[in-house]
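All of these numbers come straight from a predicted model, not from anything done at the bench. Counting starts at 1 for both ligands and their atoms, following the listed order.
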Amino acid sequence: MWGSQAPPEQDPVQDAPEVGGPQQSAAGLPAVGHSLRAARQQMGVRRTALTLLRVNQKDGFDCPGCAWPEPEHRHTAEFCENGAKAVAEEATLRRVTPAFFEAHPVAELAERSGYWLGQQGRLTRPMYLAEGASHYEPVSWERAFDIVGAELTSLDSPDEAVFYTSGRTSNEAAFLYQLFAREFGTNNLPDCSNMCHESSGSALTETLGVGKGSVLLEDIHQSDLIIVAGQNPGTNHPRMLSALEKAKANGARIITVNPLPEAGMERFRNPQTARGLAGGGTLLTDLFLQVRIGGDQALFRALSRLVLEEGGTDDAFIREHTYGFEEYAAAARAADWEETLRATGLERTEIEQALRMVLDSERTVVCWAMGLTQHKHSVPTIREIVSFLLLRGSIGRPGAGVCPVRGHSNVQGDRTMGIFERPAPEFLDALEKEFGFAPPREHGLDVVRSIRALRDGQAKVFFAMGGNFVSASPDTAVTEDAMRRARLTVHVSTKLNRSHCVTGARALILPTLGRTERDRQGGGDQFVTVEDSMGMVHASRGRLDPADPALLSEPAIVCRLARRVLGAGSRTPWERFEEDYALIRDRIARVVPGFEDFNAKVARPGGFTLPHAPRDSRSFPTATGKANFTAAPLEYPRLPEGRLLLQTLRSHDQYNTTIYGLDDRYRGIRNGRRVVLVNPEDAAALGFADGSYADLTSEWRDGTERTAEGFRVVHYPTARGCAAAYYPETNVLVPLDATADTSNTPASKSLVVRLTPA
Ligand SMILES: Nc1nc2c(c(=O)[nH]1)N[C@H]1C(S)=C(S)[C@@H](COP(=O)(O)OP(=O)(O)OC[C@H]3O[C@@H](n4cnc5c(=O)[nH]c(N)nc54)[C@H](O)[C@@H]3O)O[C@H]1N2
Ligand SMILES: Nc1nc2c(c(=O)[nH]1)N[C@H]1C(S)=C(S)[C@@H](COP(=O)(O)OP(=O)(O)OC[C@H]3O[C@@H](n4cnc5c(=O)[nH]c(N)nc54)[C@H](O)[C@@H]3O)O[C@H]1N2
Ligand SMILES: [Mo]
């Protein structure tokens, strides 16, 4: 009981979930118990205490959970249940050794569930799967870099290589990684952002000139009205609930826009306060708008129409700072009630109630996440939100603005460091000047285009800095087939996952240090930096001994690979960068705007905030030099007879493709993940009793169909016509071509599906 527990021998039975009812509150005492239990199973008692107390402290490491910022005044335990699970997953005492790979052929590992693979523990040695081999075998780092180097240098063009990044990579590693890829000669730098907040970035860059959120934590605290749309913070950003609670204490009101009633947004029991632990907690949502999937653009357009009709616009702001008002106002005035109600599934009175709250508010923030970014019309939807906020001057004013809530803990920082397949010319100019080489100028491949390139034989080497590409990506069958066509697949990873089992002709696993671990190099103990969802940059310093002495840090891996591949052709001091990360930061300071004096600024406790022109000075670096209203045609998904709109979302016990456990506590589901949540009336109309089993078939406009089998039907209070099931099990249903316009993000939140009895 006191030490860590061994990983499960066999995959648990996962196809008989137990279903209770959804809960009406989140966090509180049960959450504390759950986090400690999960942590103890992986780490034992002493390590649990030592590790969790370091999360998000000023001298500690950044929580590898989500990208929500840390408050100025931190609690001793500044983490949440799910942050604790993310930490435990990394700081686990379980190990995947060469003996493990000897015992399990890759073909067998490919049959295991993602849950089982993740439960095996931390990767410890570089492992190589030779062509035609049945098992991975240990290799030296030297040989591993030789294998990658030989393959990369034998390509006909650097563009035949793809360099993926997941969002946990530090600023230092990310900066070196993109530098290496560009010195090698390609902009093929897809990242998890392509599947995540790309739609937000696209919409915000075009309308406000900066592809990031415009609010700081203080703005949330000072806001009058917070609209939380398409987000489940109780599970995915639990520390956000404390900020919402504080805003409420200061008098804010909250509107939640979601097809599902999510426990965290209803009532929050703050584990940091006595009242939260013992009492009923804080009622967060004042108005719940149970929108139909994909109805958000219609909702915000209707609100804009009403704001215009009521004369609620900030005319001085519109005159001085914006462009395109007349055209947008005409489109908004033309919003039709019948269509609005059809698209949103709401009552007119509900929208009018929301309007009163909007008009009562001087300072409005809109927060959103994947519920808004993963639809065909996500970019126009987010632009609509910007237009709605611009009408009332709610950008660049304290307590007001846009708040896309990022996922991975450094996904925003990775982009800032140049992990982007479509880099700005100014960024490349700066890189060229600083490092004395000519970076490629043509745009590279994003995630979906990388899959096509691998499928069609145009890309031959796939290299991943973290993540689990084959499970996270859409159209699982297509993606897995594409990956198998690669000549070489390489994964820099902390934990075993499916991308290690579905490989190219040859494959490498390069095990790396996690956030929690001490990073000792020639120049002494190193720290790294990260940027949170609100543009705050700060240091992260691990204290635990590395999971294995053989592990290399991500920066070290990039430096050694770069030396092997670029050789004397590179003037970049890779060897010195590996020894001393401060030297990397000196270069970042000269290349990336906002990072001047980086080393000095990051030495301050709490770090520093990056500049953000719209927030700081109401200036908008767009093509027009103003904040742009945009009047796109209204879109929403149309549902053929007898079909449902399926969204693919996260359970409470997972971190993306990492499955911590088989429960989704707040939604009342236990011991299984193959469930589909359906509105009881829809389920009845389709002839599916609660507890019956269904196969899900998605229908795509080119006539192709994809099926995922054996889901337990759960009658659940979601919006009419809508359904929900967990990702990644349902990624088989997402057609590769079903993506958002402009951002090319897989439209995994609005699939047209039909249910057939299983
Ligand atoms: N514990 C934990 N934390 C995480 C993650 C994790 O997996 N586990 N993942 C991290 C990552 S990478 C990300 S990007 C974030 C994801 O954070 P979220 O975006 O909260 O994640 P999802 O589970 O995809 O939830 C989407 C939410 O949007 C709602 N929704 C779906 N479709 C629509 C729609 O059309 N309109 C509206 N208004 N709502 C809709 C769903 O009902 C659900 O509440 O969390 C990050 N944090
Ligand atoms: N259908 C559907 N698909 C989706 C989504 C959805 O909502 N629905 N969400 C999308 C979103 S928002 C995202 S962000 C992507 C996520 O896509 P990814 O980021 O690719 O996936 P993760 O599951 O977060 O990656 C987990 C793996 O990362 C590795 N890892 C963890 N920590 C570290 C580290 O510090 N360093 C290194 N090198 N490796 C590490 C571990 O080996 C672990 O197995 O999935 C997307 N896919
Ligand atoms: Mo994400």
(request) May I ask whether His375 places a heavy atom under 4.0 Å from ligand 1? (result) yes
Specify side chain, backbone, both or neither for [X], according to which of its non-hydrogen atoms lie closer than 4.0 Å to ligand 2.
X	result
Thr648	both
Arg515	neither
Thr657	both
Ser748	side chain
His491	neither
Asn731	side chain
Met195	both

(message) Distance check, rounded to the nearest 0.5 Å: Asn656 atom CG versus Met195 atom CE?
(response) 8.5 Å
Any idea which protein heavy atom is nearest [atom], and the distance to it?
atom	answer
atom 30 (N) of ligand 1	Gly371 CA, 3.5 Å
atom 23 (O) of ligand 1	Arg650 N, 2.9 Å
atom 13 (C) of ligand 1	Gly407 CA, 3.2 Å
atom 12 (S) of ligand 1	Asn656 ND2, 3.3 Å

Just jot down the ligand 1 atoms closer than 4.0 angstrom to any heavy atom of [X], in number order.
X	value
His408	12 (S)
Glu262	42 (O), 43 (C), 44 (O)
His237	15 (C), 17 (O), 45 (O), 46 (C)
Met370	14 (S), 16 (C), 19 (O), 24 (O)
Ile293	35 (O)
Thr235	1 (N), 2 (C), 3 (N)
Gly294	34 (C), 35 (O)
Lys749	24 (O), 26 (C), 31 (C)

I need the contact type for [X] against ligand 1. Using non-hydrogen atoms and a strict under-4.0 Å cut-off, is it side chain, backbone, both or neither?
X	answer
Val291	side chain
Gln647	side chain
Ala369	both
Asn236	both
His652	neither
Asp296	side chain

(message) Tell me whether Cys66 has any N or O atom under 3.5 angstrom from an N or O of ligand 1.
(response)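 Checking ligand 1 against Cys66, no N or O pair falls under 3.5 Å apart.
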SB check [X] [Y] (cutoff 4.0 Å):
X	Y	result
Arg673	Glu729	yes
Glu578	Arg560	yes
Arg498	Glu480	yes
Lys85	Glu89	no
Glu635	Arg301	no
Asp548	Arg122	no

Is [X] in contact with ligand 2, taking contact as a heavy-atom separation below 4.0 Å?
X	value
His197	no
Thr730	no
Val492	yes

(message) Whether the side chain of Gln178 engages the backbone of Phe175 through a donor-acceptor N/O pair (distance < 3.5 Å, no angle test) should be reported.
(response)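 At least one qualifying donor-acceptor pair exists.
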(message) Between Ser199 and Thr373 (side chain of the first, backbone of the second, donor and acceptor by atom type, cut-off under 3.5 Å), is there such a pair?
(response) yes
(message) Name the residue from Val530, Thr169, Leu189 that meets the side chain to side chain contact (heavy atoms under 4.5 Å, CB included) definition with Asp414.
(response)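 It is Thr169; the other options fail the test.
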Can you say whether the rings of [X] and [Y] are parallel (under 30°), tilted (30 to 60°) or perpendicular (over 60°)?
X	Y	answer
Phe163	Phe180	perpendicular
Phe463	Tyr177	tilted
Tyr660	Tyr655	tilted
Phe145	Trp141	parallel

(message) So if I count the atoms of ligand 2 from 1 in the order they appear, which ones are less than 4.0 Å from some heavy atom of Tyr164?
(response) 17 (O), 18 (P), 19 (O), 20 (O)
(message) Within 45 degrees of the ring normal and closer than 6.0 Å to the centroid, is that where the cationic atom of Arg667 sits relative to Tyr726?
(response) no
(request) Measure across Ser499 and Ser471 and return the closest heavy-atom pair with its distance rounded to 0.1 Å. (result) OG-N, 4.4 Å
